[in-house]
2 protein chains.
Amino acid sequence: MCLLSSPIFGLMSNIIAQRPRFTEKSPMSSAKLAKLDRTDLRILQALQGNGGLSNQQLAEAVGLSPSPCSRRVQKLEAAGIIIKRETVLDARKLGLDLTVMIQISMDRHTPERFANFEEKVASFPEVQQCYLVTGQDADYLLKVVVPDIDAYQHFLLNQITRIDGVSGVHSSFVMRRVVDTAALPLNYVEP
Amino acid sequence: MCLLSSPIFGLMSNIIAQRPRFTEKSPMSSAKLAKLDRTDLRILQALQGNGGLSNQQLAEAVGLSPSPCSRRVQKLEAAGIIIKRETVLDARKLGLDLTVMIQISMDRHTPERFANFEEKVASFPEVQQCYLVTGQDADYLLKVVVPDIDAYQHFLLNQITRIDGVSGVHSSFVMRRVVDTAALPLNYVEP
DNA sequence: GCAGGACGCGCAATGTGCTTGCTTTCTTCA
DNA sequence: TGAAGAAAGCAAGCACATTGCGCGTCCTGC
């Protein structure tokens, strides 16, 4: 029992109705969309590729002197376009060898249940991602990192399934990470 | 038709057999597991929380003077425990309003098909994640970011479904991001 | 129990890089 | 075509990261 169903080409219309269309200039979208020129996009692209770049390296990469480059980065941070810098660690080298994608379905779709579930899930350090999604198989999609199967079993039994409203759980174990990046497709963003 | 099936408590034994057990000290695991003291873990924890910390701020956060703090970070980077720094951008502010989780199943599980699929997928900037997973529903789990439904439809029809071997596609649209971080559960890592 | 060695922290100095004020240049609009 | 705004480049001041060195501590071996 899930919120919305989305087979490969079914029921897309209600999604379209819910999402703002950014091809037309509504007041809401124009307020969120910032004006960026090609230099800004090149800065973002370079920073996405390597967040550890120094200002000098970044300036050289985008063809600018360090001063305006630093100023632009500060503006992008103040505008909220650059949210934060993250440090990516090697899970294997830390003994965290098991990554699991979990589909969770709820028995009742009341706001209280959802809020309670999200609050609990957000407090678990094992949870790297938790998305509320459409689809007939699940309401939530979680990405969880644990050391091994034993730890996962404990996490599933003592944490996840104890949350009120959780009715269905399906686990998929990650065998290989083909792509894993936070980089956005900036080619869609036009100056 | 998928590689492995993993209902909630079924067929976990084959996974256990494939994964090295880190409770026992095998040569392979000891080679990967680095020795970290509490100070190292506090550094990693602090850097995970805020990758933009300066060395001075980090030193103060972990109760160290800047010199040994910088030295420890260098060691952690050289050891590969710190993989990279990432810059996280606001997708909404860039007009990238649609995030989709895609389950993909392959018709034939030959290494050539898989290698070809992974090579193609890795070249798409829309793909943020691509994991090879167990489970009866899919072989690959993808996370894709696009501006809107139109762009997603184009991406699905012209890119994904054109790859040899792709037999099934199921899309789940992300409605809300409850948790989205790269932070690992360092509480499992013991000094 | 004592001596030797190694590891790691803290201090100081140096070099590098970041940042801010100012001038110049380019662009845009009237 | 002229004027105004914005943005880039230059220079200086300053803060920060980094490296060498001395000291203390812990562990080890005799």
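Straight-line distance from the CZ atom of A:Arg38 to the P atom of D:dA8: 14 Å, rounded to whole Å. Distance B:Asn55 CG to C:dC18 C1': 15 Å, rounded to the nearest Å. Summarising the geometry, the separation between CG on A:Leu53 and P on C:dC18 is reported as 10 Å, rounded to the nearest angstrom. Following rounding to the nearest Å, B:Gln56 (CD) and C:dC11 (P) show an atom-to-atom distance of 13 Å. In this structure, the CG atom of A:Asp37 is 12 Å from the P atom of C:dT28, given to the nearest Å. Across the protein-nucleic acid pair, B:Arg72 atom CZ and D:dA17 atom C1' stand 18 Å apart, rounded to whole Å. Rounded to whole Å, atom P of D:dA8 lies 11 Å from atom CZ of A:Arg42. Atoms CG (B:Asp40) and P (C:dC7) sit 15 Å apart, rounded to a whole Å.
Taking every side-chain heavy atom of A:Ser67 into account, D:dA11 is the closest of D:dA11, D:dA8, C:dG8. Ranking D:dA17, D:dA8, C:dG10 by closeness to the B:Leu64 side chain, first place goes to C:dG10. In the set D:dT18, C:dC18, D:dG9, D:dT18 carries the atom at the smallest distance from any side-chain atom of B:Gln74. Closest approach to the A:Pro66 side chain among D:dC16, D:dT18, C:dT19 is made by C:dT19 (side chain taken as heavy atoms from C-beta onward).
Of the residues near DNA chain C, A:Ser54 and A:Arg71, the one whose nearest nucleotide (by heavy atom distance) lies more toward the 5' end is A:Ser54.
When side chains are defined from C-beta on, B:Met106 counts as touching B:Tyr140, because their heavy atoms get closer than 4.5 Å. Between A:Pro191 and A:Leu36, every side-chain heavy-atom pair lies at or beyond the 4.5 Å cut-off.
Classification of A:Glu86 and A:Lys84 as a salt-bridged pair holds, one side-chain N sitting under 4.0 Å from a carboxylate O.
Contact check, B:Lys75 against C:dG8: a side-chain N or O comes under 4.0 Å of OP1 or OP2.
For the side-chain hydrogen bond (donor to acceptor under 3.5 Å, both in side chains) test with A:Lys143, the passing option among A:Gln129, A:Glu126, A:Gln128 is A:Gln128; the others fail. When each of A:Lys120, A:Glu112, A:Glu118 is tested with A:Asn116 by the rule side-chain hydrogen bond (donor to acceptor under 3.5 Å, both in side chains), just one qualifies, namely A:Lys120.
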